[in-house]
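These notes concern the structure reproduced below.
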Amino acid sequence: MPELPEVEHVVRALRRTITGRTIVASEVRLPKLVAPLSASAFNRKLKGSTITAVSRRGKFILIECRQPERGRGQRARSGHRDFVLAVHLRMTGKFLYLHRDDDIPKHAHAIFYLDNDRRLIFRDQRQFGVMKLIDGTQLTRTKGIKELAPEPFGEEFNPEYLKSALQKSRRSLKTLLLDQTKVLGLGNIYASEALFRARINPFKIAAQLSPARAIRLHQSILTVLRDAIADSSTSRIDLEQPDGFSYGEAFERFWQVYERAGEPCHNCGTKIRRATQGGRSTYWCPKCQRR
DNA sequence: ACCCTCACCTGCACGC
DNA sequence: TGCGTGCAGGTGAGGG
């Protein structure tokens with residue numbers, strides 16, 4: 001369920017919580033979480049590794065690790081190997097930071113035992129989440145990551161980039177905004193919200209959007225992501241409160257159109273509409289976002 | 001190369 | 001109460 005703003009806050013929470021910790025051992029209870037790697041190979045690789053940093057690429061959480069040299073002789077010069085544990089939360093993935101005696105909750109598919117006697121749990125009700133171990137130098141060559149569009153807050157994601165991405169596509173804007181290889185970071189909620197802010201109809205064909213509107217859309221994408229990240233209720237993401245937080249709750253009160261079908265538009269009072277587009281719900285104001 | 005549909009899962013809200 | 005249906009914020013494989 002998390003889109004980029006929620007992932008960003010999970011990253012910040014992980015960063016202040018687990019940076020510098022060593023993974024004493026790990027336990028994978030759902031093998032497909034780490035497939036095609038085997039659970040035992042995954043655990044072997046992580047054992048004894050120290051977490052050096054936590055970052056993000058799109059909606060992927062990157063837990064950067066350093067594995068001390070084991071055995072004799074190998075790679076004697078550097079003395080360590082760097083790798084990244086890349087985690088995608090998909091719909092329901094969550095991290096929890098538990099004490100030794102806390103009960104392991106339902107749907108805990110991976111457990112990381114840390115050197116401070118605490119446990120980092122990966123919990124995922126729908127089992128869509130994925131983890132992969134990537135060699136330090138291979139990150140930008142990894143399938144699933146190398147195809148991602150530029151980071152929305154980076155220089156490369158500018159109005160010119162967006163215009164050119166739009167020009168190449170015959171799909172609807174809403175569908176295109178969900179494509180992480182074209183525009184990075186939006187999900188089903190913020191795609192609708194960004195289009196509402198830009199006053200652009202979600203069914204409009206991408207290539208037919210005027211340059212002026214493309215600039216407006218670019219602005220709206222950035223502001224909707226920034227506002228969601230800046231929202232103080234977001235910082236409530238607390239890894240120690242397993243059920244005290246659901247990603248959506250924090251932002252609901254700011255939604256202008258999402259899940260508001262039949263309710264009045266905050267701008268003009270017209271009833272917000274809902275339709276299915278590419279199998280997903282799209283919400284829009286038929287007056288503010290005319291074709 | 002592009003784009004669409006379906007599949008992956010569990011749980012919840014709803015109507016009967 | 002129970003059961004069936006549809007829906008959920010994300011992607012990726014496979015096929016046209």
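Please read all numbers here as calculations on a predicted model, not as lab measurements.
- For L178(A) and dT11(C), the CG to P distance is 8 Å, given to the nearest whole Å.
- Across the P atoms, dG6(C) and dC6(B) are found 14 Å apart, a figure rounded to whole Å.
- Across the protein-nucleic acid pair, Q127(A) atom CD and dG12(C) atom P stand 18 Å apart, rounded to whole Å.
- T52(A) and R66(A) are not linked by any side-chain donor-acceptor pair at a separation below 3.5 angstrom, with hydrogens and angles left out of the test.
- Close approach of DNA chain B to chain A, defined as any atom under 4.0 Å from a non-hydrogen atom of the protein, starts and stops at dC3(B) to dG11(B).
- At least one side-chain nitrogen or oxygen of Q180(A) sits closer than 4.0 Å to the OP1 or OP2 atom of dT11(C).
- Spacing between atom CZ of F128(A) and atom C1' of dA8(C) amounts to 10 Å, rounded to whole angstrom units.
- When the side-chain nitrogen and oxygen atoms of H88(A) are compared with OP1 and OP2 of dT11(C), one or more of them lie within a distance under 4.0 Å.
- If you check every strand for non-hydrogen atoms under 4.0 Å, K182(A) touches nothing.
- The same ILVMFWY cluster, assembled from side-chain heavy atoms under 4.5 Å apart, contains both I51(A) and V10(A).
- Rounded to whole Å, atom P of dA13(C) lies 14 Å from atom NZ of K32(A).
- For a distance-only test at 3.5 Å, the side chain of R280(A) fails to qualify as a donor-acceptor partner of the base of dA8(C).
- Here the P atom of nucleotide dG12(C) and the NZ atom of K59(A) are 10 Å apart, to the nearest Å.
- Hydrophobic clustering keeps L178(A) apart from Y190(A) (ILVMFWY residues linked when any side-chain heavy atoms are closer than 4.5 Å, directly or through intermediates).
- Straight-line distance from the CE atom of M131(A) to the C1' atom of dT11(C): 16 Å, rounded to whole Å.
- The neighbour count for R273(A) CZ, taken as heavy atoms of other residues, nucleotides or ligands under 6.0 Å away, does not exceed 12.
- With 3.5 Å as the limit, one finds a donor-acceptor pair spanning the side chains of S172(A) and T175(A).
- Atom name P, nucleotides dC9(B) and dC3(C): the rounded distance is 23 Å, in whole Å.
- Using P as the reference atom, dT5(B) and dC7(C) are 15 Å apart when rounded to the nearest Å.
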Donor-acceptor pairs under 3.5 angstrom involving side-chain atoms of residues 282-291 of chain A: please list them, not counting sequence neighbours.
unit_1  : atom_1 : unit_2  : atom_2 : d
T282(A) : OG1    : K174(A) : NZ     : 2.9
T282(A) : OG1    : Q277(A) : OE1    : 2.7
Q289(A) : OE1    : C285(A) : N      : 2.8
Q289(A) : NE2    : L195(A) : O      : 3.3
Q289(A) : NE2    : I200(A) : O      : 2.9

Before you tell me yes or no, could you show the steps for R81(A) and D135(A) under salt bridge (charged side-chain N to carboxylate O under 4.0 Å, His left out), namely the whole-Å CA-CA distance, both residues' side-chain angles and the distance that decides it to 0.1 Å? CA-CA 8 Å; R81(A) 292 178 69 184; D135(A) 204 72; 3.4 Å; yes

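- Rounded to an integer number of Å, the gap from NZ of K143(A) to C1' of dG14(C) is 12 Å.
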Counting Watson-Crick and G-U wobble pairs with both distances under 3.5 Å, what is the dot-bracket string for DNA chain C, 5' to 3', using [ ] for crossing pairs and | for pairs to another strand? .|||||||.|||||||

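- Atom-to-atom, CH2 of W255(A) to C1' of dA8(C) comes out at 11 Å; the value is rounded to the nearest Å.
- For an aromatic pair to be called close, the ring centres must be under 6.0 Å apart, and H218(A) with F157(A) satisfies this.
- The side-chain ring of Y258(A) is not stacked on the base of dG9(C), judged by centre separation under 5.5 angstrom and plane angle under 30 degrees.
- For the pair R44(A) and F42(A), the NZ or CZ position fails the cation-pi test of under 6.0 Å to the six-membered ring centre and within 45 degrees of the ring normal.
- Checked against the 6.0 Å centroid criterion, the rings of F122(A) and H109(A) do not qualify as a close aromatic pair.
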